[in-house]
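Written below as structure tokens is the structure these notes are about.
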Amino acid sequence: MRTTVKVLAASALAVLSLAAAGATPALAAAPAPFCESGASQFYCDASSTGTTTWSITWYSGSVGTFTTAAPTLFATCPASNLGHPVRASYSYVDGGTTQYSGTTQFICRSGPWQ
């Protein structure tokens with residue numbers, strides 16, 4: 001009986017050790033930004049504090065990086081991107097830890113804001 005208990009305890013310990021070794025720390029995820037576009041411009045609002053670094057991925061695949069002092073970004077859509085999807089995400093530092101957001105997608109519109 002004692003041998004069975006020892007074997008089970010050792011097996012459980014081995015499984016826990018493997019699980020801990022294989023575990024990677026999860027990135028802290030902030031919510032995806034809210035974005036809308038119109039008049040060949042776009043506006044994005046983040047749930048961040050302080051300096052916010054934006055990553056904007058254009059339809060062509062190129063990435064633009066913007067840094068704002070507040071949680072909002074207001075910029076012009078490149079003419080080549082009008083009518084095409086754009087992906088936006090952001091990051092910011094909170095308590096010494098960089099927080100990364102989810103990604104949102106919107107269309108760069110030349111017409112009314114949506």
Side-chain angles (χ1 to χ4, degrees):
M1 177 89 158
R2 287 185 188 175
T3 303
T4 303
V5 170
K6 286 181 183 177
V7 169
L8 288 174
S11 296
L13 240 168
V15 168
L16 288 174
S17 296
L18 286 174
T24 56
L27 292 175
F34 165 78
C35 297
E36 60 184 347
S37 176
S40 301
Q41 300 172 327
F42 69 94
Y43 167 85
C44 290
D45 189 22
S47 295
S48 61
T49 56
T51 302
T52 304
T53 302
W54 294 89
S55 178
I56 306 297
T57 305
W58 305 108
Y59 177 71
S60 66
S62 66
V63 177
T65 303
F66 302 87
T67 301
T68 60
T72 57
L73 172 64
F74 185 76
T76 300
C77 294
S80 61
N81 210 81
L82 291 174
H84 295 291
V86 176
R87 290 191 317 267
S89 62
Y90 63 93
S91 63
Y92 67 102
V93 177
D94 182 25
T97 302
T98 301
Q99 304 290 320
Y100 297 94
S101 78
T103 301
T104 195
Q105 184 170 304
F106 62 95
I107 302 291
C108 266
R109 300 181 191 287
S110 58
W113 282 85
Q114 294 182 7

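- Of all heavy-atom pairs between Ser37 and Ile107, the closest is CB-O, 3.2 Å.
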Acceptor/donor pairs from residues 84-93 side chains to any protein atom, 3.5 angstrom cut, sequence neighbours excluded:
{"residue": "Tyr90", "atom": "OH", "partner": "Pro31", "partner atom": "O", "Å": "2.7"}
{"residue": "Tyr90", "atom": "OH", "partner": "Ser47", "partner atom": "N", "Å": "3.1"}
{"residue": "Tyr92", "atom": "OH", "partner": "Ser47", "partner atom": "O", "Å": "3.4"}

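- Closest approach of Trp58 to Thr76, counting heavy atoms only: CH2-O, 4.2 Å.
- Residue Asn81 holds its CG atom at 4.5 Å from SG of Cys108, rounded to the nearest 0.5 Å.
- For the ring-ring contact (aromatic ring centres under 6.0 Å, His included) test with Phe42, the passing option among Trp54, Trp113, Phe106 is Phe106; the others fail.
- Panel note: side chain Thr52, backbone Gly50; a donor-acceptor pair is recorded below 3.5 Å.
- In this structure the side chain of Thr53 never reaches within 4.5 angstrom of the side chain of Phe66, judged on heavy atoms.
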Start with the C-alpha distance between Leu73 and Tyr43, add both sets of side-chain angles, then the distance that settles side chain to side chain contact (heavy atoms under 4.5 Å, CB included), and finish with yes or no.
CA-CA 6 Å; Leu73 172 64; Tyr43 167 85; over 6 Å; no

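- For Thr57 (side chain) and Gly61 (main-chain N/O), no donor-acceptor pair under 3.5 Å exists by modelled atom type.
- In this structure, the separation between CD1 on Ile56 and SG on Cys44 is 5.0 Å, given to the nearest 0.5 Å.
- Taking the side chain as every heavy atom from C-beta outward, Arg109 and Gln114 approach each other to under 4.5 Å.
- The OH atom of Tyr59 sits 14.5 Å away from the SG atom of Cys77 when rounded to the nearest 0.5 Å.
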